[in-house]
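Note that these values count all heavy atoms, side chains included, but never hydrogens, waters or copies made by symmetry.
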Amino acid sequence: MATTLPRTALAAAALVAAGHFGPTLSAVGAVRRRALPRLAGTGRPGHVALTFDDGPDPASTPAFLDTLDRLGWRATFFMLGRMAERHASLAGEVAAAGHEIALHGYDHVSHLRRAPHRVADDLRRGLDVVAGATGRHPAWFRPPYGLLSAGTCVASRRLGLRTVLWSAWGRDWTTTATPDSVVSEVARGLAPGGTVLLHDSDCTSAPGAWRATLGALPRLADLFAAHELAVGPLEDHGVAPPRPG
Ligand SMILES: [Zn+2]
């Protein structure tokens, strides 16, 4: 049977270019929220999905687990297979703490630079490792840098994964990120039902950048409370299921 790509995924491949590359494309975030709500992770109003990419990392992830526990928050962790392989017990701790486990791929490489079969191999290998380390089968996939190719869409669907990006980010990977800047960036992109992208590891970011993210969390609690937003993982966010075909 021929595999057909969902229209949203094709549109996304044209629209999406962000993450750690290049300048901020805040307009893309706005377009994505309106035109591609499933891909942006738009869920029910009154709720914000909190997501962390690039871990698990023994240098930083335990501090995030402590702070999330203090705040009473559960989040979604988009793990890298390479990190989960190296730090399998920590990956298991994230799951045991009640957080949702999701997949960020095995390697942190742009899919636009990889042949479709290599993308498929990367996702399958990452899924095996993350599922093995955590005992959970991820439901969500977020490609490195938020960059989707047609091969990404095919591979993730074949593995039963739903691709999701974000609608707001903290720009927390830069050398200049501070808790204040992270909160400001999230506030700028915040919309009803939004999905927030942060990082619990600096393995693809400026060294120590995670400290800005960690410092921002209590202030984000104030921000979300001011907007009367409950915080949780994507599994509780009410993102619409994909259309068939
Ligand atoms: Zn990443």
Side-chain angles (χ1 to χ4, degrees), residues 18-20 23-34 36-55 57 60-78 94 97-100 102 104 140 142 146 164-202 204-206 208-240:
H20 303 209
T24 306
L25 296 176
S26 54
V28 171
V31 168
R32 195 189 302 149
R33 274 199 301 275
R34 285 193 298 268
L36 304 165
R38 290 176 182 81
L39 189 61
T42 303
R44 54 191 166 89
H47 190 263
V48 60
L50 188 61
T51 69
F52 294 93
D53 286 8
D54 291 0
D57 188 331
S60 48
T61 301
F64 282 87
L65 294 181
D66 286 348
T67 299
L68 292 172
D69 183 53
R70 265 203 307 280
L71 292 169
W73 286 352
R74 291 172 59 238
T76 302
F77 284 78
F78 284 86
V94 176
H99 300 291
E100 184 181 25
H104 198 32
W140 307 95
R142 176 179 286 156
V164 67
L165 300 178
W166 59 87
S167 58
W169 61 20
R171 285 185 66 78
D172 57 345
W173 58 86
T174 69
T175 53
T176 57
T178 65
D180 279 345
S181 75
V182 171
V183 173
S184 298
E185 289 290 341
V186 171
R188 209 150 63 93
L190 202 58
T195 288
V196 174
L197 162 67
L198 297 171
H199 295 80
D200 65 306
S201 169
D202 61 5
T204 70
S205 305
W210 61 268
R211 295 180 191 282
T213 316
L214 186 70
L217 291 181
R219 298 184 216 186
L220 287 174
D222 295 338
L223 174 71
F224 297 149
H227 288 80
E228 299 183 330
L229 290 168
V231 179
L234 277 164
E235 63 186 345
D236 294 345
H237 195 44
V239 182

Heavy-atom closest pair, residues [X] and [Y]:
X: V164; Y: G41; value: CG2-CA, 3.5 Å
X: E100; Y: P233; value: OE1-CB, 3.6 Å
X: S167; Y: G194; value: OG-CA, 3.2 Å

With rounding to the nearest 0.5 Å, note down the distance linking [atom1] in [X] to [atom2] in [Y].
X: L71; Y: L220; atom1: CG; atom2: CG; result: 9.5 Å
X: E235; Y: W140; atom1: CD; atom2: CH2; result: 9.5 Å
X: L234; Y: T195; atom1: CG; atom2: OG1; result: 5.0 Å
X: D66; Y: T61; atom1: CG; atom2: OG1; result: 11.0 Å
X: S205; Y: D200; atom1: OG; atom2: CG; result: 10.0 Å
X: L197; Y: L165; atom1: CG; atom2: CG; result: 9.0 Å

Okay, side chain of [X], backbone of [Y]: is any donor-acceptor separation there less than 3.5 Å?
X: S184; Y: D180; answer: yes
X: D202; Y: W210; answer: no
X: E185; Y: R171; answer: no
X: R74; Y: H99; answer: no

Minimum side-chain heavy-atom gap [X]-[Y] below 4.5 Å:
X: T76; Y: H237; value: no
X: D57; Y: F64; value: no
X: F224; Y: V186; value: yes
X: L190; Y: L223; value: yes
X: P179; Y: V182; value: no

With respect to D172, which candidate in D53, L214, T178, L198 satisfies the side chain to side chain contact (heavy atoms under 4.5 Å, CB included) definition?
->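 Considering D53, L214, T178, L198, a side chain to side chain contact (heavy atoms under 4.5 Å, CB included) with D172 is found only for L198.
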Check the pair F52 / V94 against side-chain contact (heavy atoms from CB on, under 4.5 Å), numbers first and verdict last.
-> CA-CA 11 Å; F52 294 93; V94 176; over 6 Å; no
Just do the side-chain contact (heavy atoms from CB on, under 4.5 Å) check on W166 and T51 with the steps written out, would you?
-> CA-CA 9 Å; W166 59 87; T51 69; 5.5 Å; no
Please work out whether the ring planes of H199 and W173 are parallel, tilted or perpendicular, with thresholds of 30° and 60°.
->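 The arrangement is perpendicular - the two ring planes meet at more than 60°.
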